[in-house]
Amino acid sequence: MQPEGRSDRPVLGAGRHLASQHRLGDSRPYVRVPGGPATPGDAAPAPATHAGEPSRPGMGGKAGLALYRDRPQGAGGHRRRSRRRDRLGDPSPMRSLRRGGWTHCLHLGREEDGSLGCQRQQGGAGQGDGERRRGRLAAPAAGARRAIAGSPSQDSRNLAVTTMKRQKIKALLEAGRPQDDVLVKGWVRTRRGSKKVAFIELNDGSTLDNLQLVVDGEAACFAQVEKLSTGAAMAARGRLVPSQGRGQTLELQVAEVVVYGGADEKYPLQKKGHSLEFLREIAHLRPRTNTFGAVFRLRHALAYGIHKFFHERGFYYVHTPIITTSDCEGAGQMFQVTTLPLASGAPPDFAADFFGKPAYLTVSGQLEGELFALALGEIYTFGPTFRAENSNTPRHLAEFWMIEPEMAFYDLDDNMDLAEDFLKSIILHCMSECPRDLAFLNDRYQKDLLDTLKNVTESRFARITYSEAIEILGKSGETFEFPTHWGADLQTEHERYLTEKHFRRPVIVYNYPKAIKAFYMRQNDDGRTVAAMDVLFPRIGEMIGGSQREERLEVLSSRIRELGLPEASYQWYLDTRRFGTAPHSGFGLGFERTLQFITGMGNIRDVIPFPRTPGSAEF
RNA sequence: UCCUCGGUAGCUCAAUGGUAGAGCAACCGGCUGUUAACCGGUUGGUUGUAGGUUCGAGUCCUACCCGAGGAGCCA
């Protein structure tokens with residue numbers, strides 16, 4: 001990344017993407033922000049970064065004290081917090097650290113040479129001899145030794161390690177019983193020890209917990225182990241036995257070792273805490289930390305729980321388009337997709353563009369979802385969504401994932417019932433699938449996380465009309481920055497008062513003024529409200545927004561005209577109201593925001609693998 | 001986009017306008033069924049960038065870049 005290349009770029013990162021593609025003669029569609037044309041001068045080459053050579057731009061402390069107040073990371077933070085806790089008489093942080101075994105990183109920094117990969121047999125522990133044949137024990141030829149580090153084929157010629165079935169650490173620890181001959185593969189979190197014995201914490205990603213490997217100083221593979229450092233990938237074979245030490249129930253007495261790839265002193269993850277801001281800069285390596293391992297296992301559990309919920313209720317998963325030519329989605333500023341040349345200076349001729357008209361990345365699959373709901377009955381979408389808004393907050397991404405169920409013959413009450421069942425179900429799914437990860441996040445980031453999740457799943461969500469909400473807020477005695485009055489949208493501070501102070505649980509607000517809601521929402525008989533509903537969560541704010549849809553052709557058409565929307569663009573949508581229209585409802589759920597709530601992570605950029613935000617689309 | 005705070009060693013942070021330091025990491029050595037292992041030693045800096053004020057700038061001023069928090073937009 002060339003620093004000077006960053007100075008003149010457009011507000012959003014799309015321009016760089018464009019220009020670099022252009023330079024490569026790539027004719028694939030690219031994306032830009034309407035009204036923000038990029039020029040080739042905006043180009044900056046993609047960072048020459050890969051797993052082996054992490055770039056570390058812009059080093060320097062980024063942490064604010066506020067971060068540490070809630071989520072300690074980093075040695076300094078731990079010390080400060082510990083001191084503070086000592087004053088408060090709470091010694092728990094250090095205890096939880098030890099219990100959690102939270103080795104984010106850990107370093108080991110040795111030059112890797114041929115000897116590191118030299119396959120030797122251990123003779124100390126005595127197990128596995130019967131399986132070892134003399135030929136397989138032979139030392140590799142000198143040439144093979146030099147290439148050993150990246151040469152699994154070498155291993156396959158010499159070790160039983162690669163012929164056995166590998167077992168996952170999660171399965172071994174959950175089984176909880178000793179086994180004679182076990183093969184595990186993973187990454188070294190930390191190594192410690194002496195000349196007499198070495199200990200390795202091995203993590204294979206299957207679970208938060210590490211497996212402790214024990215290598216006796218007399219073992220033949222001890223020399224290999226001595227050179228292992230944090231971050232190295234390895235296989236270990238041996239006997240799983242009850243641990244002699246405290247801190248774990250089982251450990252692996254290692255007989256054989258294969259080192260797949262070392263990690264030298266440049267490996268950025270150290271044996272100390274790192275700030276979330278720093279880890280964001282090395283997003284290609286952060287999944288190797290406890291925190292991000294937990295977050296992304298939970299991300300999977302949440303996605304699976306969502307599919308499971310809908311599948312079990314007979315909903316069909318519909319893949320709505322990512323590229324759209326309807327500029328009528330109305331949910332926000334869109335990224336434009338085009339193959340037109342950028343730097344011509346002439347007004348764009350969209351008739352000559354790839355799709356023959358302006359095209360964009362979708363901001364919502366709802367309208368298309370409605371088409372399928374009015375055919376298959378109950379459907380949902382689950383896919384990426386793009387908003388080209390210059391939002392710089394811990395709750396916004398330019399690329400995020402959204403779930404949008406749409407149901408024929410559901411009224412607003414049905415819709416609210418489904419939303420509540422849905423949220424409780426997917427949270428419960430995560431709690432049952434990832435108890436270890438949630439316990440870790442609870443200890444480390446948000447002490448009341450598990451209580452909060454439990455509270456949500458066990459409480460009945462409050463349901464109030466918008467008018468009632470305004471009344472409650474007016475009587476609250478609170479002084480809000482934005483005074484409330486009927487007709488104004490609820491501000492963040494209002495939502496938080498309702499969920500965190502007044503009700504202390506999730507709140508569904510429904511029947512909003514029609515002026516502040518979208519055109520497709522069903523008008524109520526009072527003439528001034530629509531059948532909209534928002535599910536508000538403590539801390540997060542709006543988790544779900546939905547409505548019963550306007551199914552009456554005349555009402556919908558006149559609303560479109562009233563708002564000055566391009567009626568011609570909606571003909572395919574209006575056809576559903578012309579032919580066999582039916583009452584139907586749906587809602588949208590931000591996947592990352594849900595995950596934020598479940599993990600307790602304060603910043604949405606830490607619950608998506610590679611966050612895209614204004615000015616930032618690395619990796 | 002607006003407001004506020006910040007950017008000093010690999011990381012986390014110190015440093016009245018006057019010789020840039022510490023802890024951790026790394027490296028060398030020692031010791032230990034260890035577990036954020038421990039003990040001793042060593043190395044490590046264009047103080048975000050560019051200007052300016054000053055005898056002298058990490059510190060003061062201006063612009064820009066980057067990060068965080070709050071707001072708006074929203075999911």
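By convention in this document, chain letters (A, B, ...) are assigned in the order of the sequence lines, proteins followed by strands, and residues within each chain are numbered from 1.
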ask   = Does R605(A) make a side-chain N or O approach to OP1 or OP2 of A68(B) shorter than 4.0 Å?
value = yes

note = V456(A) meets the side chain to side chain contact (heavy atoms under 4.5 Å, CB included) criterion, sequence neighbours left out, with I427(A), F461(A), P506(A), F537(A), F597(A)

query = For D216(A), which residues count as a salt bridge (charged side-chain N to carboxylate O under 4.0 Å, His left out) partner, sequence neighbours excluded?
reply = none

Non-neighbouring partners of R280(A) that pass salt bridge (charged side-chain N to carboxylate O under 4.0 Å, His left out), sequence neighbours left out = D606(A)

key: Atom P, compared across C2(B) and A63(B): separation rounded to whole Å   = 13 Å

List the atom pairs, donor and acceptor, that lie under 3.5 Å between side-chain atoms in residues 398-407 of chain A and the rest of the protein, sequence neighbours left out.
| unit_1 | atom_1 | unit_2 | atom_2 | d |
| --- | --- | --- | --- | --- |
| E404(A) | OE1 | G365(A) | N | 2.8 |
| E404(A) | OE2 | S364(A) | OG | 2.8 |
| E406(A) | OE1 | R549(A) | NH2 | 3.0 |
| E406(A) | OE2 | R549(A) | NE | 2.8 |

request  = Could you check how far CG of D606(A) sits from P of G69(B), rounded to whole Å?
outcome  = 9 Å

task = State which residues pass salt bridge (charged side-chain N to carboxylate O under 4.0 Å, His left out) with E495(A); sequence neighbours excluded, sorted by chain then number.
result = none

Each nucleotide N or O in nucleotides 70-73 of chain B that has a protein N or O under 3.5 Å away: list the pair and distance.
| unit_1 | atom_1 | unit_2 | atom_2 | d |
| --- | --- | --- | --- | --- |
| G72(B) | OP1 | Q491(A) | OE1 | 2.3 |
| G72(B) | OP2 | T492(A) | OG1 | 3.1 |
| G72(B) | N2 | N390(A) | O | 3.3 |
| C73(B) | O2 | S391(A) | OG | 2.6 |
| C73(B) | N3 | H396(A) | NE2 | 2.7 |
| C73(B) | N4 | H396(A) | NE2 | 3.0 |

remark   = Across all chains, not counting sequence neighbours, the salt bridge (charged side-chain N to carboxylate O under 4.0 Å, His left out) partners of E478(A) are K501(A)

ask   = If a stem is a run of at least 3 consecutive Watson-Crick or G-U pairs, both distances under 3.5 Å, which stems include RNA chain B?
value = B:1-7 with B:65-71, B:10-13 with B:21-24, B:26-30 with B:38-42, B:48-52 with B:60-64

message = Please tell me if R192(A) has a side-chain N or O lying less than 4.0 Å from either OP1 or OP2 of U34(B).
response = no

ask   = Any N or O donor-acceptor pair linking the side chain of E251(A) to the base of G33(B) at under 3.5 Å?
value = yes

ask   = Any idea how F335(A) and F386(A) line up, ring-wise: parallel (<30°), tilted (30 to 60°), or perpendicular (>60°)?
value = perpendicular

note = Those residues at least two apart in sequence (or on a different chain) that pass side chain to side chain contact (heavy atoms under 4.5 Å, CB included) with R496(A) are T492(A), E500(A)

